[in-house]
Protein chains: 2
Amino acid sequence: MSRPHSEQLSLNTATVRQQWDLRQIIEGCARHEIRGISPWRDQVANIGLAEAARLIRHHDLRVSGYCRGGMFPGVDQQARQATLADNQRAVDEALELGAECLVLVVGGLPPGSKDLPGARQQVRDGLSALLEYARAGGMPLAIEPLHPMYAADRACINTLKQANDLCDELGDDGLGIAVDVYHTWWDAEFYQEIARAGLKRLLAFHICDWLTPTRDLLEDRGMMGDGVIDIRAMREAVEAQGYRGLHEVEIFSRLNWWTQDPDEVLKTCKARHLAHG
Amino acid sequence: MSRPHSEQLSLNTATVRQQWDLRQIIEGCARHEIRGISPWRDQVANIGLAEAARLIRHHDLRVSGYCRGGMFPGVDQQARQATLADNQRAVDEALELGAECLVLVVGGLPPGSKDLPGARQQVRDGLSALLEYARAGGMPLAIEPLHPMYAADRACINTLKQANDLCDELGDDGLGIAVDVYHTWWDAEFYQEIARAGLKRLLAFHICDWLTPTRDLLEDRGMMGDGVIDIRAMREAVEAQGYRGLHEVEIFSRLNWWTQDPDEVLKTCKARHLAHG
């Protein structure tokens, strides 16, 4: 028997980052009986790693992912080496927090570059180097394909197919995919690539909605049910592969949800997850 | 021998639509020795179809495409039938203008729908019906894959692969693809799908640039050279298939170019096309 649907909700802490610090978010999750959380590195640093880990354990929260590693491409070898070292620290932090995976936003073009195939090669090389370290520590790495509108500045891995190809090349041991409906809902190959990924690669499932119109490329994500994504169908696709992990709500919303009472935001996340997640 | 590079420039009339009406744009092209144009239906309607055709012939402009048909999905059969009739009128207008193709922005989800596979089926069906009419008149139809950020509201055909699949299914006779670097530059399969399309399907080539950051999903396109797209590499890819058609500049830019002196915009288009196109 799988858990009840309501217990599968996890809160990505970016969703209320303008209103609360990480301590308040953790306590908010506990108060609203949200059983999972996915914190960002800057929020962890603000209250301290040890304290963050203590609070998460105290409230018995699962950590559906740690946000985030990646950003592999760099202008030169020195920059890429610094990124690798920083990513290794992120792996260590993820281990300390008991995260189920380290989410990777792989990075886009280095400054001044138009060489997208080259950037993708740098992602492959950087990921390969980090994987060695993460495997030794036992922290799974989750490649998150980002929407193509972020190809220049955030992630040049933009489809599940690309992520699956990377997993094929680098090996499945300790490597998989974070599937975010916001980034992948448009993809005509979504369902076949979910099947290709299979249970072993499905490390995380992120939900929110695509608003029409979308007024900002980065910070106008919608609450589940307010947009056009068939979230239920996409969830059923990952569950058909055996996925029983958490459903992580991640909403960047400068124009709406970041301006709301955070307790109301959490209540809304819970209700909408049940109705549309 | 192919024509000199400078003679391959075509101006999509949206590029200066806030400053000039179609008559002024045609005369501007003639004055700046831009030998091709791609007008929009609303601009043609504003000065009258016959007058638009007369001016274009008078100035001996090539019409690299007519913008635009498509928008096939609809809430019901009646809506889709009305769209088909309107698309047939667009075919007639394109013929009158001597356009080299009718560009198709195929449409997104019908209002209230989350059924993306269903919308894609409606695109296939609507395109199939229009193709019969267009073939009889001898007007090539160019499917334009749009960037995935427009999947909900403008076009649910978002990759060259999807466009090639449609051409495979419906037949190449009178059917092909409009390749726009803005919509396709991020696609890891761009080069292989251009090769798959081949000369017979490459009906149009549109250029502009992707700005980082992009401040508006619709109206913040960049002038060639101001962004991250390797336009030259993409042009060489279509030319490697034998493409010798025009290079159509199409820039929606509420925040910049639409506020500039249109003669300066045309001069800039010419210079940037030579340097970066």
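Residue numbers begin at 1 in each chain, while the letters A, B, ... track the order of the sequences. Fair warning: this is a prediction, and the values are worked out from it, not measured in the lab.
The part of B/Leu116 that comes within reach of chain A is its side chain, from C-beta onward, which places non-hydrogen atoms under 4.5 angstrom from that chain. Both the backbone and the side chain of B/Thr214 come within contact range of chain A, with heavy atoms under 4.5 Å apart. At a 4.5 Å heavy-atom cutoff, B/Asp115 makes no contact with chain A through either its backbone or its side chain. Looking at A/Asp216, the atoms closer than 4.5 Å to chain B (heavy atoms on both sides) all sit in the backbone: N, CA, C or O.
Contact tally against chain A (heavy-atom pairs below 4.5 Å) for B/Lys161, B/Arg215, B/Met149: the top residue is B/Met149. When the candidates A/Leu217, A/Leu218, A/Asp153 are compared by the number of heavy-atom contacts under 4.5 Å with chain B, A/Leu217 comes out ahead.
Between A/Lys114 atom NZ and B/Arg232 atom CZ the span is 10.0 Å, to the nearest 0.5 Å. From B/Trp210, atom CH2 reaches atom CG of A/Leu109 across 12.0 Å, with rounding to the nearest 0.5 Å. Note that CG of A/Asp187 is 8.0 Å distant from OG1 of B/Thr159, once rounded to the nearest 0.5 Å.
Other residues, nucleotides and ligands contribute only 12 or fewer heavy atoms inside 6.0 Å of the CD atom of B/Gln78.
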* To do: Check the pair B/His147, A/His147 against side-chain contact (heavy atoms from CB on, under 4.5 Å), reporting the backbone distance first and the verdict last.
  => CA-CA 10 Å; B/His147 195 284; A/His147 195 284; 4.1 Å; yes
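Contact detail for A/Gln162 and B/Ala188: the closest heavy-atom pair is NE2-CB, 3.7 Å.
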